[in-house]
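Chain letters run A, B, ... following the sequence lines, proteins first and then strands; every chain starts at 1. Since the model is a prediction, treat every value here as computed from it, not as a measurement. Atom set for the values below is all heavy atoms of this structure, side chains included, hydrogens, waters and symmetry mates excluded.
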Protein chains: 2
Amino acid sequence: MNHSTPPDLTQLLIELYDKISSWEHTVVKDSGLSPAQMHAVEIVGHHQQLRMKEMAELMGITTGTLTVMVDRLETLGLVHRQANPNDRRSYVIVLTAQGQHHFNAHHKLHDMLTEELTASFDAQEKVALQQLLFKLVRHF
Amino acid sequence: MNHSTPPDLTQLLIELYDKISSWEHTVVKDSGLSPAQMHAVEIVGHHQQLRMKEMAELMGITTGTLTVMVDRLETLGLVHRQANPNDRRSYVIVLTAQGQHHFNAHHKLHDMLTEELTASFDAQEKVALQQLLFKLVRHF
DNA sequence: GGTTTTTTATTTGACAATCAAGATAAATTG
DNA sequence: CAATTTATCTTGATTGTCAAATAAAAAACC
């Protein structure tokens with residue numbers, strides 16, 4: 001007996017966060033995009049349609065920063081500024097086919113990571129983790 | 001009945017990661033440090049003694065980047081380059097008293113976040129989450 | 001309907017974060 | 001002791017970031 005006691009929850013959350021962070025960093029580098037660019041692609045991919053304002057809000061950056069970032073992403077052919085028919089001040093940002101491809105590929109990597117991390121979990125443990133994380137995430 | 005089914009594990013991990021990320025961003029801003037600087041302080045605080053090489057490795061950045069970062073942190077009075085008696089090529093980076101203070105304060109915020117997120121968890125759920133996260137983190 | 005205010009996005013100027021490549025100095029190896 | 005490897009720093013280029021100023025359209029207000 002005597003399983004070494006696990007670190008406290010705070011420590012575990014920090015550790016999980018750090019490890020996901022460096023994993024993300026590694027896999028993103030292989031994609032040719034910067035972390036910030038991939039994050040932008042993920043945000044647009046997840047929400048499908050976003051105005052600059054909303055997108056900046058979701059990413060926690062200013063619209064000024066986002067303007068130049070979307071400029072580059074457009075040059076790279078990953079996103080597109082569509083005219084917003086309801087409001088001529090704003091655009092709707094959407095993924096191009098190539099952007100969508102990056103998004104899908106990246107999401108697949110995330111799925112593989114989850115697989116890997118929970119490879120030794122039985123079905124019951126997976127459900128338990130799922131429910132606990134759901135409860136956790138809801139309290140932010 | 002009929003609890004709406006929670007998102008899959010991948011989605012939950014991404015969501016958790018994103019939310020910790022933006023929480024971190026917010027609280028760090030209030031501290032006057034940049035996210036990268038706080039991360040550096042956390043790394044040094046956690047490991048106590050680090051050479052540049054090791055520190056760069058842990059942070060996933062090059063030593064070139066770290067040199068200028070530690071320069072600034074030293075100017076800000078948060079860390080100190082100590083001579084390494086075993087190897088005159090390298091330094092040992094340590095926190096100053098002020099750096100330690102920042103580290104402690106930030107860690108306290110992490111504890112408060114954990115408290116908050118698990119406020120509605122009973123003791124059994126907390127232990128279950130702890131054990132599952134421990135198992136998860138070990139598989140990176 | 002016309003004026004004022006608010007909202008949306010861009011531009012600009014400054015600085016921090018990052019890398020790759022090259023330089024320097026110390027340690028290690030043969 | 002010479003050659004190689006290692007640890008750090010420097011430099012030049014690019015990206016990420018903000019705050020403040022600008023411009024244009026929409027909304028609010030009489």
**Prompt:** Does Arg138(B) make a cation-pi contact with Phe134(B), if we ask for NZ or CZ under 6.0 Å from the ring centre and within 45° of the axis?
**Reply:** yes
**Fill in**
Regarding the side chain of Ser90(B), the nearest nucleotide among dT8(D), dT8(C), dC9(D) is dT8(D)
**Asked** Over how many whole Å does the gap from Met69(B) atom CE to dT18(C) atom C1' extend?
**Response** 11 Å
**Request:** Would you please test His46(B) and Gln11(A) for side chain to side chain contact (heavy atoms under 4.5 Å, CB included) and show each step?
**Result:** CA-CA 11 Å; His46(B) 188 258; Gln11(A) 205 49 52; 3.8 Å; yes
**Asked** How many Å lie between CD on Gln37(B) and P on dC18(D), as a whole number?
**Response** 14 Å
**Prompt:** Looking only at side-chain N and O atoms, does Arg72(B) come under 4.0 Å of OP1 or OP2 in dT18(C)?
**Reply:** no
**Prompt:** Roughly how many Å is it from CG in Leu76(B) to P in dC15(C), rounded to a whole number?
**Reply:** 15 Å
**Among His107(A), His102(A), Gln100(A), the one residue meeting side-chain hydrogen bond (donor to acceptor under 3.5 Å, both in side chains) with Asn104(A)** = Gln100(A)
**Request:** Can you tell me the distance, in whole Å, between the OH atom of Tyr91(A) and the P atom of dT7(C)?
**Result:** 20 Å
**Asked** Is there a donor-acceptor pair under 3.5 Å between the side chain of Thr118(A) and the backbone N or O of Phe121(A)?
**Response** no
**Asked** What's the CE-P distance between Met38(B) and dA16(C), to the nearest Å?
**Response** 17 Å
**Item:** 5'-most by nearest nucleotide on DNA chain D - Ala36(A) or Asp71(B)
**Value:** Asp71(B)
**Fill in**
Taken to the nearest whole Å, CG/Leu66(B) to P/dA7(D) is 14 Å
**Prompt:** With respect to the side chain of Lys53(B), which nucleotide from dA16(C), dT8(D), dT18(C) is positioned closest?
**Reply:** dT8(D)
**Message:** If you assign each of Met59(A) and Val68(B) to its closest nucleotide in DNA chain D, which residue comes earlier from the 5' end?
**Reply:** Val68(B)
**Asked** What string of B, S and - do you get for nucleotides 20-27 of chain C, 5' to 3', if B is base contact, S is sugar-phosphate-only contact and - is no contact with any protein heavy atom under 4.0 Å?
**Response** ------BS
**Prompt:** Of all the nucleotides listed (dA16(C), dA9(C), dT15(D)), which has the minimum atom distance to the side chain of Thr63(A)?
**Reply:** dA9(C)
**Message:** Holding to side chain to side chain donor-acceptor pair (under 3.5 Å), I want the full list of residues that pass it with His106(A), two or more places apart in sequence or in another chain.
**Reply:** Glu24(A), His110(A)
**Request:** Round to a whole Å and report the spacing from CG of Asn84(A) to C1' of dA24(D).
**Result:** 14 Å
**Message:** Regarding Thr67(B), tell me which of base, sugar-phosphate or nothing describes its non-hydrogen contacts under 4.0 Å with the strands shown.
**Reply:** base
**Message:** Between the opening five pairs and the closing five pairs of the helix from dG1(C)-dC30(D) to dG30(C)-dC1(D), how far apart are the helix axes, to 10°?
**Reply:** 30°
